[in-house]
Amino acid sequence: MTIRVLLFASYADALGPHVDVDVPAGARVRDVLARVRALATGKRIPDKPLVAVNQVYAADDQPVTATDEVAIIPPVAGG
Amino acid sequence: MTIRVLLFASYADALGPHVDVDVPAGARVRDVLARVRALATGKRIPDKPLVAVNQVYAADDQPVTATDEVAIIPPVAGG
Amino acid sequence: MRTAIVERPIDACSLLSEVASARNGATVLFVGTVRDINEGSEVSGLDYSAYGAMAEKELASIVAEACERWRTRDIVVEHRVGTLELGESSVVIAVAHPHRGEAYDASRYIIEELKQRLPIWKREHYVDGRAEWVANAR
Amino acid sequence: MRTAIVERPIDACSLLSEVASARNGATVLFVGTVRDINEGSEVSGLDYSAYGAMAEKELASIVAEACERWRTRDIVVEHRVGTLELGESSVVIAVAHPHRGEAYDASRYIIEELKQRLPIWKREHYVDGRAEWVANAR
């Protein structure tokens with residue numbers, strides 16, 4: 001299945017505002033991350049970044065489905 | 001010497017806004033307090049109230065002179 | 001810094017502007033308000049009276065202590081006296097500081113010291129017609 | 001309670017009025033402002049960007065946590081995104097509570113959580129022409 005991954009701030013500067021990656025059915029957050037990091041510019045993403053699934057912070061073993069909104073969250077700076 | 005003692009809030013309700021008491025030269029805050037408490041309505045003043053001399057909190061052994069502004073400070077309620 | 005004991009309503013927004021500056025990343029404003037209930041009694045209004053000259057001095061001392069301890073000059077405090085209605089502000093403390101931790105700590109220091117040290121007294125009027133001098137907890 | 005991510009200036013005074021009530025004896029307002037200096041560099045301005053939908057949700061969650069923990073509904077928070085100038089407010093937190101300790105604690109909780117959890121990013125522009133993504137300390 002294809003997962004669209006949203007990117008922001010410095011990650012979006014390097015990879016664009018989103019990337020699409022293919023993962024097998026039953027894949028988890030960490031599998032999606034591995035595919036993003038395997039892209040040409042993907043090394044800009046750290047090994048264990050914060051990830052949100054459907055706009056909620058998610059653990060790296062959370063399963064993902066093709067309809068999920070997955071986002072990689074750079075170090076935040078609100079306030 | 002005569003010392004004018006300023007009173008406020010519940011103490012002023014009982015004794016008026018000020019009382020004059022006579023104390024010997026060299027008297028201290030505690031001597032002034034003893035004279036105030038010896039007045040007919042003076043029992044309304046507790047044994048060891050807060051006292052200010054010249055608008056600064058004072059210890060009970062601080063000497064007073066006839067030109068000092070002495071005040072007995074009821075429990076405060078600012079804020 | 002600026003401090004005042006005033007006999008008119010306090011304009012919290014104007015205190016907020018007074019401490020604002022691009023030097024400071026954080027502003028903490030504290031507003032103390034006349035509550036409708038105190039320790040179970042329904043309050044209808046209250047009078048604050050002060051030993052005016054001493055209250056001015058003591059308030060200035062407290063704020064000078066805070067300015068020195070937290071190394072800022074951007075603190076303004078007004079305390080109102082006279083007759084106040086429900087919901088009106090009795091005290092407003094505005095603190096601005098480069099860093100938020102210091103702004104919160106200085107604000108808290110000032111309200112706690114002021115409640116222990118300012119020679120100001122409060123007579124509460126209750127809905128049932130009673131009135132009482134009320135003191136702060138020590 | 002009310003929370004919002006906004007793209008216009010925040011009116012701190014209006015948030016203050018929004019939480020005011022004679023039920024509450026204390027209001028604590030926190031204003032976060034764009035500083036002229038950050039870690040030694042002279043700042044000329046900055047852009048905040050957000051993962052908007054998630055930032056709205058996360059901000060609402062943080063404030064709901066504070067409302068539950070300190071048992072009040074009188075909390076309003078706005079966080080601004082877009083381009084801000086020096087001295088402009090990026091975030092305003094208004095908390096009203098019957099008691100002051102709770103008002104301070106809830107305010108502090110919200111700013112600390114928001115700085116760790118809101119998916120909002122800041123690009124600082126410096127007087128020397130550089131620009132950098134800056135993260136909060138963890």
Side-chain angles (χ1 to χ4, degrees), chain A residues 2-21 27-30 32-33 35-37 39-79, chain D residues 3-6 10 30-35 38-39 43 46-63 77-82 84 89-93 107-124 131-138:
Chain A
T2 299
I3 301 281
R4 168 152 297 189
V5 179
L6 306 181
L7 299 162
F8 301 93
S10 58
Y11 300 172
D13 287 350
L15 287 85
H18 51 81
V19 294
D20 293 334
V21 294
R28 296 166 188 269
V29 162
R30 61 175 167 254
V32 174
L33 281 174
R35 295 296 166 96
V36 175
R37 296 188 75 240
L39 298 173
T41 50
K43 283 293 171 290
R44 181 64 191 76
I45 310 290
D47 194 27
K48 304 218 168 195
L50 287 173
V51 172
V53 175
N54 298 328
Q55 303 165 8
V56 175
Y57 287 110
D60 80 343
D61 60 354
Q62 181 168 323
V64 296
T65 68
T67 57
D68 282 339
E69 180 175 308
V70 177
I72 305 181
I73 308 290
V76 299
Chain D
T3 58
I5 307 291
V6 302
I10 305 174
F30 175 85
V31 181
T33 305
V34 180
R35 283 183 69 196
N38 193 12
E39 295 180 6
V43 176
L46 50 75
D47 299 302
Y48 279 100
S49 58
Y51 179 10
M54 181 175 170
E56 296 267 11
K57 277 193 195 179
E58 196 67 17
L59 183 56
S61 295
I62 291 166
V63 174
V77 181
E78 291 187 357
H79 195 301
R80 183 172 171 191
V81 294
L84 277 73
S89 305
S90 52
V91 61
V92 177
I93 301 169
S107 175
R108 193 77 200 264
Y109 176 82
I110 291 166
I111 186 64
E112 299 304 331
E113 290 295 310
L114 173 163
K115 283 189 169 261
Q116 296 301 322
R117 292 164 52 182
L118 274 201
I120 289 185
W121 300 279
K122 178 165 70 173
R123 189 166 171 82
E124 283 185 347
E132 257 178 43
W133 294 104
V134 179
N136 290 335
R138 288 196 63 87

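Throughout, a chain's letter reflects where its sequence line sits, starting with A, and its residues are numbered from 1.
- Looking at every heavy atom in both residues, A:Arg35 comes nearest to A:Val21 through CB-CB, 3.8 Å.
- In this structure, D:Met54 and A:Gln55 approach most closely via the heavy-atom pair CG-O, 3.3 Å.
- Side-chain contact between A:Arg30 and A:Val51 is absent, with no heavy-atom pair separated by less than 4.5 Å.
- With D:Trp121 contributing its side chain and A:Pro74 its backbone, the two residues share a donor-acceptor pair below 3.5 Å.
- D:Gln116 touches chain A through its backbone: at least one of N, CA, C or O sits under 4.5 Å from a heavy atom, while the side chain does not.
- By number of non-hydrogen pairs under 4.5 angstrom with chain A, the leading residue of D:Tyr48, D:Phe30, D:Tyr51 is D:Tyr51.
- For D:Arg80, no part sits under 4.5 Å from any heavy atom of chain A, backbone or side chain.
- At a 4.5 Å heavy-atom cutoff, D:Ala55 makes no contact with chain A through either its backbone or its side chain.
- Listed options D:Arg117, D:Glu56, D:Glu132 were ranked by heavy-atom pairs under 4.5 angstrom with chain A; first place goes to D:Arg117.
- What you find for D:Val134 and A:Ala77 is that their closest heavy atoms are O-CB, 2.9 Å.
- Both the backbone and the side chain of D:Lys115 come within contact range of chain A, with heavy atoms under 4.5 Å apart.
- Checked by atom type, the side-chain pair D:Arg123/D:Ser49 shows no donor-acceptor distance below 3.5 Å.
- Only the backbone of A:Asn54 has a heavy atom closer than 4.5 Å to any heavy atom of chain D.
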